[in-house]
Structure formats: C-alpha cells, structure tokens
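The structure appears below as structure tokens.
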Amino acid sequence: QAQLAESGGGLVQPGGSLRLSCAASTWTLENYPIAWFRQAPGKEREGVACISSRYGGTYYADDVKGRFTISRGNAKNTVYLQMNSLKPEDTAVYYCALDSGYGTNCPEGGPYYYGMDYWGAGTLVTVSS
C-alpha cells in the first residue's frame, strides 16, 4: 500500500511562497498521476494541480494557474507543489493523492476526489499577515 506524506506547510504572508513536498515510502511516484488537493474550513476538497505519469503533462485549477507549479523530484519518489504569490484564500489543508492507474494521465478536466486511490494526511498552509 502506498504511503504518502506531505511536508512544507506553514504560515506565510500574502505574496509569499511555499514549497510543499509529497514523498512516497513504497511506490515509485513517477509511474502514476499525482495530484494536490486542498480543503479550506467549511468547503469541499478541490483539486488544484495534477501531474501525469512520466510521459504526461500537468493540470492546474484556474485560480492557481500561473502561481503554482507541480513537478517531480529527481529522486522519482517525490512530487513538489511550488506556490508563489500566495493569497489569504489559498489558506487550506493541502493533500497529495495518487491515482493507481499505472502509466496514466491526469483527467482532462482535472483531478477529482473519487479518482484518487491513496492520500496523505495533509499539511496546513496559512496565508495571513
């Protein structure tokens, strides 16, 4: 069973940056689509970015496009979410998730909750002055 662990969350001022990491202890992440979701208090969990398996592309939600970048680490078992120009409305718990479809791509319309098979415990990002 895949074990996913997020790190890198914290408190940052508006306009600042954070880099989140998602690490796997069992599977080789580059073979599977990996997505970042977030859930703010009182709101549904939403997909913000997705990276397809090794030969695929990326997806970003409209409200993070141009500010967030999802990428794979050289170690092949890590996926990053670089978040720049952070806004208070980016405040949420951020989760990484894995789609166990080997060699598949992110859905064209973006990742969705029931399409992901394994989840990390989440890391809190707070954007506030």
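All residue numbers in this chain count up from 1 along the given sequence. Being a predicted model, the structure only gives us computed values, none of them experimental.
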Is F37 reachable from L124 through a run of hydrophobic residues whose side-chain heavy atoms are each under 4.5 Å from the next? yes
Looking at S21 and S7, would you say the former's side chain and the latter's main chain have a donor-acceptor pair under 3.5 Å? no
Distance check, rounded to the nearest 0.5 Å: R19 atom CZ versus T69 atom OG1? 11.5 Å
With a 4.5 Å heavy-atom cut-off, do E89 and D63 have their side chains touching? no
Has S52 got a side-chain atom pairing as donor or acceptor with N105's backbone, closer than 3.5 angstrom? no
Would you please name every residue forming a ring-ring contact (aromatic ring centres under 6.0 Å, His included) with Y113, sequence neighbours left out? W119
Taking the side chain as everything from C-beta on, heavy atoms only, tell me whether P107 gets closer than 4.5 Å to Y112. yes
I'd like to know if the side chain of Y60 reaches the main chain of C50, judged simply by a donor and an acceptor atom lying under 3.5 Å from each other, with no hydrogens or angles considered. no
Over all heavy atoms of both residues, which pair between M116 and P111 is shortest? Give the atoms and the distance, please. SD-CB, 4.5 Å
R72 vs I51 side-chain heavy atoms within contact, under 4.5 Å: yes
Report yes if some heavy atom in the side chain of W36 is under 4.5 Å from a heavy atom in the side chain of I70; otherwise report no. yes
Under a 3.5 Å distance rule, please check whether S53 uses its side chain to pair with a backbone N or O of P33 as donor and acceptor. no
Is there a side-chain contact between P14 and P88 in this structure, where contact means two heavy atoms from C-beta onward sitting under 4.5 Å apart? yes
How about N84 and S17: does a side-chain donor come under 3.5 Å of a side-chain acceptor? yes
To the nearest 0.5 Å, tell me how far L81 CG sits from F68 CZ. 6.0 Å
Using side-chain contact (heavy atoms from CB on, under 4.5 Å), reason through T126 and V12 one step at a time and then give a plain yes or no. CA-CA 6 Å; T126 303; V12 63; over 6 Å; no
In residues 94-103, what donor-acceptor pairs under 3.5 Å come from side-chain atoms, sequence neighbours left out?
residue, atom, partner, partner atom, Å
Y94, OH, R38, NH1, 3.0
Y94, OH, D90, O, 2.6
D99, OD1, G101, N, 2.9
S100, OG, D117, OD2, 2.7

Identify, with sequence neighbours excluded, every residue that meets side-chain hydrogen bond (donor to acceptor under 3.5 Å, both in side chains) alongside K65. D62
Any heavy-atom pair between the side chains of L86 and L18 that's under 4.5 Å? yes
Are any non-hydrogen side-chain atoms of V125 and L20 less than 4.5 angstrom apart? yes
Decide whether Y80 and L29 are clustered together by the hydrophobic rule: side chain heavy atoms of Ile, Leu, Val, Met, Phe, Trp, Tyr closer than 4.5 Å, transitively. no
Is the backbone N or O of E44 less than 3.5 Å from a side-chain atom of Q39, with the two atoms forming a donor-acceptor pair by type? no
Closest non-hydrogen atom pair between S85 and R67, with its separation: O-NH1, 3.0 Å
